[in-house]
Q: 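This is the structure I want to talk about, given as structure tokens.
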There are 2 protein chains.
Amino acid sequence: MKKSKKVSMAVVRRLPKYYRYLGDLLKKDIKKISSKQLSQLTGFTASQIRQDLNNFGGFGQQGYGYSVSDLHSQLGKILGLNRPYRAIIVGAGNLGQAIGNYGGLSEAGLNLLSFFDKSSKMIGLSIGDVEIRNVKALSSFIKEHDIEVGIITTPTESAQSVADIMVESGINGIWNFAEADLKVPDNVMIENVHLNESLFTLSYLMENLSEE
Amino acid sequence: MKKSKKVSMAVVRRLPKYYRYLGDLLKKDIKKISSKQLSQLTGFTASQIRQDLNNFGGFGQQGYGYSVSDLHSQLGKILGLNRPYRAIIVGAGNLGQAIGNYGGLSEAGLNLLSFFDKSSKMIGLSIGDVEIRNVKALSSFIKEHDIEVGIITTPTESAQSVADIMVESGINGIWNFAEADLKVPDNVMIENVHLNESLFTLSYLMENLSEE
DNA sequence: TAGATTGTTAATCGATTAACAATC
DNA sequence: TAGATTGTTAATCGATTAACAATC
């Protein structure tokens with residue numbers, strides 16, 4: 001079943017924002033919203049919003065707008081948030097622990113089954129109620145529990161070898177926090193959070209602020 | 001002093017990647033690189049790389065390529081990494097601590113002077129050798145120490161009010177980890193790390209993987 | 001010099017915005 | 001029905017790629 005038309009990443013990256021604002025509206029018990037109103041909230045143009053949504057279907061009603069709850073749940077479905085995933089985190093340091101405790105994991109349907117680390121000081125401990133295991137057991141654990149998502153919070157040097165093990169063991173999505181561009185096959189999805197690139201960008205903006 | 005031509009954000013966000021790869025080459029003691037070789041490393045086209053760099057000046061030599069060390073230091077300068085900034089983190093939870101310990105801060109020239117939190121359990125403790133102070137003292141601390149960069153790792157609900165205090169106290173750059181689109185004046189630079197949007201994007205990619 | 005590779009202009013491609021007919 | 005707002009096509013804008021003269 002092929003997508004009729006490939007949706008661009010520019011569009012995809014706006015969807016979570018729509019979803020978030022619609023969730024806010026839902027909490028406020030607001031029933032309907034127009035593309036114009038959504039434009040004011042998100043800062044995207046109304047035209048762009050309508051274009052974006054129409055990549056996935058006609059969710060609105062002419063002359064009326066969009067039903068908040070309907071659009072919210074449609075977007076949730078499009079983003080795959082309803083579908084549960086089994087996940088693990090490799091690298092149980094500060095960042096790994098922070099991500100493990102991050103509420104957004106469950107919101108995205110991620111079920112965290114284990115941490116992995118190579119430090120003997122960490123192995124055997126638990127964070128929340130999730131155990132830290134020896135990274136040597138990574139491959140067997142992934143296969144045994146049919147893990148789908150791997151989260152990498154290791155130092156940069158280890159990231160590629162961890163990714164290799166993940167891929168070889170059958171994972172098909174990686175959320176990568178290491179400062180590396182991981183090489184993986186096309187059928188494995190990678191989403192990077194490159195903190196250094198983000199921080200350097202801020203530095204650039206500040207450096208060039210006075211010249212604008 | 002106005003920039004002759006505004007550099008697009010698409011270009012700016014590629015600069016840190018160039019910088020990183022050039023740093024790697026530098027460590028390997030490689031002296032020169034062509035746009036073609038850099039293309040193979042980064043995945044950007046050689047043409048794009050030359051276009052990008054030429055926004056800032058002609059750093060290459062025709063027939064030869066680019067000097068690795070020269071280009072690296074030029075990019076560092078463009079990114080403002082040489083210039084030191086005084087920074088603070090508001091929200092000393094898991095994520096705040098992880099960011100506080102993140103080595104990239106000093107690499108970007110950020111000097112972390114204090115954490116702030118509202119929890120009495122946290123106030124007075126130190127992370128590394130950086131103290132956690134009462135968030136009530138935020139404004140006075142910023143003014144007193146002439147803080148330039150604020151890092152927000154609070155829950156979403158508090159983020160905007162923290163940003164307001166930061167702005168009012170004279171900060172001109174915010175690195176924001178909260179799931180909110182902060183409203184600040186134009187002269188204050190914001191760089192967001194929206195973990196939920198990143199994770200939702202991964203979820204989308206995985207959900208739609210089978211249909212490609 | 002001949003070969004290589006930049007800097008830069010022109011061509012293409014894709015994404016955003018504008019416009020408006022369809023229709024609720 | 002009249003007013004509002006979508007869905008969608010067309011126009012514009014900006015970013016990427018291709019091409020090539022300049023030159024080391």
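Each chain gets a letter, A, B and so on, in the order its sequence line appears, and its residues count up from 1. Quick caveat, the model's predicted, so the values are computed rather than measured.
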Q: Closer than 4.0 Å, any side-chain N/O of A:Tyr66 to the OP1 or OP2 of D:dG7?
A: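 Checking A:Tyr66 against D:dG7: at least one side-chain N or O falls below 4.0 Å of OP1 or OP2.
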Q: Give the ring-plane orientation class for B:Tyr18 versus B:Phe44, where under 30° counts as parallel, over 60° as perpendicular and anything between as tilted.
A: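 Answer is perpendicular, since the angle exceeds 60°.
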Q: I'd like to know if A:Lys143 and A:Glu168 make a salt bridge, using a cut-off of under 4.0 Å between side-chain N and carboxylate O.
A: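 Looking at A:Glu168 together with A:Lys143, the answer is yes, because their closest N to O distance falls below 4.0 Å.
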Q: Does either side chain, that of B:Gln97 or that of B:Asn101, offer a donor lying less than 3.5 Å from an acceptor on the other one?
A: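 No, because no side-chain N or O of B:Gln97 sits under 3.5 Å from a partner of the opposite role on B:Asn101.
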Q: Taking atom CG of A:Leu26 and atom CG of A:Leu71, what is their separation to the nearest 0.5 Å?
A: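 These two atoms lie 10.5 Å from each other.
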Q: Rounding to a whole Å, what distance do you find between A:Ile49:CD1 and D:dG7:P?
A: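 To the nearest whole Å, that distance equals 12 Å.
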Q: Figure out the CZ/P separation between A:Arg13 and C:dT16, and round it to whole Å.
A: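 Roughly 13 Å, once rounded to whole Å.
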Q: Could you give me the stems involving DNA chain C, meaning stretches of three or more consecutive Watson-Crick or G-U wobble pairs whose two defining distances are both below 3.5 Å?
A: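 Ordered by first number, the stems with DNA chain C (at least 3 consecutive pairs each) read C:3-24 with D:3-24.
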Q: Would you mind building the protein contact string for nucleotides 17-24 of chain C? One character per nucleotide, 5' to 3', B for base within reach (heavy atoms under 4.0 Å), S for sugar-phosphate only, - for untouched.
A: BBB--BBB
Q: Is it true that A:Glu207 and B:Lys77 have a side-chain N and a carboxylate O under 4.0 angstrom from each other?
A: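 Salt bridge absent between A:Glu207 and B:Lys77.
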Q: Looking at A:Arg14, does any N or O in its side chain come under 4.0 Å of the phosphate oxygens OP1/OP2 on C:dT16?
A: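 It does, given that an N or O in the side chain of A:Arg14 lies less than 4.0 Å from OP1 or OP2 of C:dT16.
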Q: Does a donor on one side chain sit under 3.5 Å from an acceptor on the other, for A:Thr201 and B:Glu191?
A: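 Absent: no donor and acceptor within the cut-off.
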Q: So B:Tyr102 and B:Trp175, would you call those rings parallel, tilted or perpendicular, with 30° and 60° as cut-offs?
A: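 Rings of B:Tyr102 and B:Trp175: tilted, 30 to 60°.
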Q: CG of A:Leu71 versus P of D:dT6: gap in Å, rounded?
A: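 Whole-Å distance recorded here is 11 Å.
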Q: Closest to the A:Ser35 side chain: C:dT6, D:dT6, D:dT16?
A: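 Between C:dT6, D:dT6, D:dT16, the one nearest the side chain of A:Ser35 would be D:dT6.
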Q: In whole angstrom, what separates B:Asp52's CG from D:dG14's C1'?
A: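 Those two atoms, CG and C1', are 14 Å apart.
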Q: Between A:Lys36 (NZ) and D:dG7 (C1'), how many Å, whole number?
A: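 In whole Å, D:dG7 C1' and A:Lys36 NZ are 18 Å from each other.
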Q: Using whole Å, what does the distance between atom P of nucleotide D:dT6 and atom CG of A:Asp70 come to?
A: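 After rounding, the reported distance stands at 14 Å.
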Q: Looking at A:Lys17 and B:Glu197, does any basic side-chain N land under 4.0 Å from a carboxylate oxygen?
A: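 Salt bridge flag = yes for B:Glu197 with A:Lys17.
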Q: Checking side chain to side chain contact (heavy atoms under 4.5 Å, CB included) against B:Val12, which of B:Asn55, B:Val7, B:Ile78 comes through?
A: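 Going through the options one by one, the only one that passes is B:Val7.
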Q: Tell me the interatomic distance from A:Lys32, atom NZ, to D:dT6, atom C1', rounded to whole angstroms.
A: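 The distance from NZ of A:Lys32 to C1' of D:dT6 comes to 11 Å, rounded to the nearest Å.
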Q: Separation of A:Asn55 atom CG from C:dA15 atom P, in whole Å?
A: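 Atom-to-atom, A:Asn55 to C:dA15, this comes out as 10 Å.
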